[in-house]
Every structure is written in structure tokens, then in C-alpha cells.
Amino acid sequence: MNISQLVRDFQTGGFFDLREVRTGEQAVPLHYAPVDRVYVVLEGAMEIVCNGGVCWAESGSYVFIPAGRFHAHTVTADGCRYLLASRPW
């Protein structure tokens, strides 16, 4: 996994930070998100589970995960490149 920090929260007055993530096949286990998160898929695809629901996010789509939700995601064997925006803690 390769993560590049594109925008830090102090650069936005504390509103959000933005990272670009490049990864091969990977599964991130169910975990708690104390802050809002937005996944924007640039290349490839991923399956995202949030509060028991499942969605398939592919290139050009986005998924919003509200603060206080448990979520997980799985990237296919082809890999994925996505932006991850989140509000600071």
C-alpha cells in the first residue's frame, strides 16, 4: 500500500485532509470511523461494507461513510487507486 498525503487538515482550517491511496489486493477489516470519510475511486474497484450494507465502488464513483459507523473494504486482485477525504479528529 502506498499513501500520499495531498492536503493536511491545517491547510483547510481543520475542515478535512485528503490522501491518495494505491494498493493491490487487500482487505481492511471492520473498524470504527470516529469522523466522516469519503472514498473516491480513481482506478480499479473496491467493495465497501458499512452498517451491514454492501456497495461496489468502481472508477468514477464515491462512497460516504458517516462518523460513528463501522466499515470495512476489500480491494480486488487488480488493485485500486482512490482518494480518501476525512474530517480531522
Side-chain angles (χ1 to χ4, degrees):
M1 179 185 306
N2 182 0
I3 301 173
S4 298
Q5 186 79 43
L6 302 177
V7 178
R8 297 190 185 282
D9 60 351
F10 72 86
Q11 295 172 301
T12 65
F15 287 106
F16 70 94
D17 67 12
L18 181 65
R19 288 163 269 170
E20 179 181 9
V21 180
R22 294 172 183 261
T23 184
E25 185 174 9
Q26 170 192 357
V28 175
L30 193 66
H31 61 284
Y32 180 77
V35 296
D36 292 340
R37 292 190 175 167
V38 177
Y39 292 84
V40 180
V41 180
L42 303 174
E43 296 173 1
M46 61 177 19
E47 179 184 82
I48 298 178
V49 176
C50 181
N51 278 9
V54 178
C55 70
W56 182 252
E58 54 191 21
S59 182
S61 63
Y62 74 93
V63 176
F64 172 70
I65 308 289
R69 305 292 173 102
F70 284 92
H71 69 285
H73 68 270
T74 302
V75 173
T76 65
D78 295 334
C80 190
R81 182 170 71 97
Y82 60 92
L83 298 176
L84 175 59
S86 62
R87 292 187 53 94
W89 297 52

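Along the sequence shown, residues carry numbers from 1.
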[X]-[Y] co-clustered via ILVMFWY side chain contacts under 4.5 Å:
X: Y39; Y: L18; value: no
X: L30; Y: Y32; value: yes
X: V41; Y: V38; value: no
X: V35; Y: F70; value: no

Tell me whether Q5 contacts the main-chain N or O of V7 through its side chain, where contact means a donor paired with an acceptor under 3.5 Å. yes
Hey, could you give me the [atom1]/[atom2] distance between [X] and [Y], rounded to the nearest 0.5 Å?
X: N2; Y: E20; atom1: CG; atom2: CD; result: 8.0 Å
X: T76; Y: E47; atom1: OG1; atom2: CD; result: 10.5 Å
X: N51; Y: R69; atom1: CG; atom2: CZ; result: 4.5 Å
X: F16; Y: Q11; atom1: CZ; atom2: CD; result: 9.0 Å

Residues forming a side-chain contact (heavy atoms from CB on, under 4.5 Å) with V28, sequence neighbours excluded: Q26, H31, H73
With sequence neighbours excluded, residues passing side-chain contact (heavy atoms from CB on, under 4.5 Å) with V21: M1, I3, Y82
Under a plain distance cut-off of 3.5 Å, with no hydrogens placed, do D17 and T12 share a side-chain donor-acceptor pair? no
Kindly determine whether S4 and R22 satisfy side-chain hydrogen bond (donor to acceptor under 3.5 Å, both in side chains), including the steps that lead there. CA-CA 9 Å; S4 298; R22 294 172 183 261; over 6 Å; no
Identify each donor-acceptor pair in which a side-chain atom of residues 55-65 lies under 3.5 Å from a protein atom, sequence neighbours left out, and give them as a table.
{"from": "W56", "atom 1": "NE1", "to": "E58", "atom 2": "OE1", "distance (Å)": "3.4"}
{"from": "S59", "atom 1": "OG", "to": "L42", "atom 2": "O", "distance (Å)": "2.8"}
{"from": "S61", "atom 1": "OG", "to": "E58", "atom 2": "N", "distance (Å)": "2.9"}
{"from": "S61", "atom 1": "OG", "to": "E58", "atom 2": "O", "distance (Å)": "2.6"}

Show your reasoning for whether side-chain contact (heavy atoms from CB on, under 4.5 Å) applies to E25 and V75. CA-CA 5 Å; E25 185 174 9; V75 173; 5.7 Å; no
